[in-house]
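Okay, so here's the structure we're looking at.
Every number for a ligand or one of its atoms is a count from 1 in the order of the listing. No hydrogens, no waters, no symmetry mates; every other heavy atom, side chains included, goes into these values. Note that the coordinates shown come from a computational prediction; the quantities given were computed from them, not determined experimentally.
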Amino acid sequence: MSEPEVVFRLESVTKEFGNGRSLLGLNRSAGVRALDDVSIELRRGEVLGLVGESGSGKTTLGRILVGAERATSGRVWFEGTPVEALRGGALRNFRKSVQMVFQNPFTSLNPRRTVRDVLNSGFAARGLRRGAQRAAAMAELMPKVGLSEAFLDRYPHAFSGGQRQRIVLARALTVEPSVLVADEPVSALDVSIQAQILNLFVTLRRELNLSIVMITHDLRVANFLSDRIAVLYRGQLVELGTREQIMEHSRHPYTRMLLSAAPTGDPDAPHNRPWLVGDATPADAMSGGCVFRDRCWLRTIVSDPDRCATEQPRLAAMEDQHSAACHFAEQTATAAGVLLVEAEESA
Ligand SMILES: Nc1ncnc2c1ncn2[C@@H]1O[C@H](COP(=O)(O)OP(=O)(O)OP(=O)(O)O)[C@@H](O)[C@H]1O
Ligand code: SF4
Ligand SMILES: [Mg+2]
């Protein structure tokens with residue numbers, strides 16, 4: 001089998017915020033490490049789900065991909081070139097090729113601009129300057145996102161949340177991107193509308209051969225769309241695998257915890273095991289050791305070894321495409337089974 005083509009490669013990317021002195025130079029702010037030594041690839045044509053709780057660094061990673069933030073250390077490669085080395089035409093091509101779609105379609109559209117106005121600027125950036133060219137491109141684009149051409153002269157207030165998200169997608173598509181970074185694109189929408197927008201992503205990805213980074217705190221969304229899923233915890237990549245590996249055979253106790261907390265709609269589903277959730281209170285800054293150790297249910301089962309507190313686990317390959325950052329990842333499935341039996345016996 002040929003190697004998949006890599007669009008983005010992140011190499012040991014760390015991002016820190018607010019790690020400086022105050023204006024008078026008196027106080028040094030503690031700073032936040034939003035991403036910690038993250039290495040990952042985005043392959044051509046894949047949907048990579050990026051999951052994790054609030055504050056885990058998902059948006060920061062997305063913003064680094066689109067060039068809205070720079071990594072504090074580490075390197076980001078786009079189509080084989082470090083992003084910071086892109087200049088001139090190559091930089092313009094990068095900016096056009098990688099587009100971000102945000103969570104809230106109610107705030108991401110200017111209320112005083114019609115759909116036509118919104119799309120016009122994108123077409124101008126693509127060099128479609130003549131009216132006839134643009135009109136043809138708009139007529140082609142609107143049905144692609146499931147909207148009628150008749151909507152072009154309407155203002156955002158005339159549209160529902162789902163329709164607005166379709167307009168936001170159309171705006172992103174005007175420049176013919178090859179990568180979409182979608183940051184919680186359905187979480188502000190009614191559940192009934194979410195499926196329609198997710199289906200639109202599926203169709204667009206197939207028709208336009210897009211690579212998509214789907215940022216979501218909702219594992220159902222990641223499960224629906226993703227080829228691979230990356231799990232972030234406090235800025236660290238703790239597990240990476242195919243959709244099936246993560247959803248059915250996860251090796252990191254944090255991923256198991258997320259799955260157990262995820263609503264599935266089926267009370268008997270194996271994921272509905274709230275006894276694995278643990279304490280969600282964020283810990284004070286911990287130095288050294290495993291970043292998950294203050295919440296880890298597996299650590300207790302494997303008799304609280306010192307290693308969890310003294311040695312940071314690195315992301316290690318488990319099987320083809322599947323890797324996890326836990327010293328005891330080989331024991332996760334068995335330990336979860338033991339917990340399940342205990343819970344059933346005490347019920
Ligand atoms: N511009 C910024 N300045 C300071 N801190 C920031 C900034 N952006 C993000 N952070 C911090 O970095 C960490 C990661 O934030 P990020 O927004 O990437 O998380 P997230 O996973 O997207 O969370 P959510 O699910 O709530 O959107 C958080 O602690 C956040 O407060
Ligand atoms: S290394 Fe230890 S604390 Fe960290 S996830 Fe694994 S068992 Fe839990
Ligand atoms: Mg976010």
Is it the side chain (CB and beyond), the backbone, both or neither of Cys296 that lies under 4.0 Å from ligand 2, heavy atoms counted?
side chain

Within 2.8 Å of atom 4 (Fe) of ligand 2, is there any N, O or S atom belonging to Cys290?
yes

Between ligand 1 and Glu184, is the shortest N or O to N or O distance under 3.5 Å?
no

SB check Glu69 Lys15 (cutoff 4.0 Å):
yes

Quick one: nearest non-hydrogen protein atom to atom 16 (P) of ligand 1, plus distance?
Thr60 OG1, 3.6 Å

Parallel, tilted or perpendicular: rings of Tyr155 and His157 (30°, 60°):
parallel

Say whether Gly55, considering both its backbone and side-chain N or O atoms, lies within less than 3.5 Å of an N or O atom on ligand 1.
yes

Distance-only, no hydrogens or angles: does the Arg234 side chain make a donor-acceptor pair with backbone N or O of Val291 under 3.5 Å?
yes

Can you tell me how the ring of Phe159 sits relative to the ring of Phe151, calling it parallel under 30°, perpendicular over 60° and tilted otherwise?
perpendicular

The Mg ion (ligand 3) to Thr59: any N/O/S contact under 2.8 Å?
yes

Heavy atom under 4.0 Å from ligand 1: found in Thr59's side chain, backbone, both, or neither?
both

What I want to check is whether the side chains of Ser187 and Gln103 have a donor and an acceptor closer together than 3.5 Å.
yes

Looking at atom 31 (O) of ligand 1, tell me if a protein heavy atom falls under 4.0 Å from it.
no

Verify, without hydrogens or angle tests, whether Asn93 (side chain) and Gly89 (backbone) share a donor-acceptor contact under 3.5 angstrom.
no

Contact between ligand 1 and Glu53 is defined here as a heavy atom of the residue under 4.0 Å from a ligand atom; is it met?
yes

Ligand 1 N/O within reach of Ala34 N/O, cut-off under 3.5 Å:
no

Is atom 14 (C) of ligand 1 touching the protein, meaning some protein heavy atom lies under 4.0 Å away?
yes

Phe328 heavy atoms, cut-off 4.0 Å: which ligand 2 atoms fall inside?
7 (S)

Mark up the atoms of ligand 2 that fall under 4.0 Å of a heavy atom belonging to Arg293, in ascending order.
3 (S)

Cationic N near anionic O, under 4.0 Å, Glu239 to Arg256
no

Just checking Arg307: does its CZ atom have more than 12 heavy atoms from other residues, nucleotides or ligands closer to it than 6.0 angstrom?
yes

If you count the atoms of ligand 2 from 1 in the order shown, which ones are under 4.0 Å from a heavy atom of His252?
5 (S)

Taking only heavy atoms of Cys308, which atoms of ligand 2 are found under 4.0 Å from at least one of them?
1 (S), 2 (Fe), 3 (S), 7 (S)

Heavy atoms only, cut-off 4.0 Å: how does Arg307 contact ligand 2, side chain, backbone, both, or neither?
neither

Does an N or O anywhere in Ser56 fall below 3.5 Å from an N or O of ligand 1?
yes

Where does His217 meet ligand 1, judged by heavy-atom distances below 4.0 Å: at the side chain, the backbone, both, or neither?
neither

Any luck finding a side-chain donor-acceptor pair between Ser56 and Glu53 under 3.5 Å?
no

Ignoring hydrogens and angles, tell me if any N or O in the side chain of Ser39 forms a donor-acceptor pair with the backbone of Ser12 under 3.5 Å.
yes

Please report which non-hydrogen protein atom sits nearest to atom 2 (C) of ligand 1, along with the residue it belongs to and the distance in Å to one decimal place.
Phe17 CD2, 3.4 Å

Parallel, tilted or perpendicular, judged at 30° and 60°: which one describes the rings of Phe8 and Phe78?
tilted

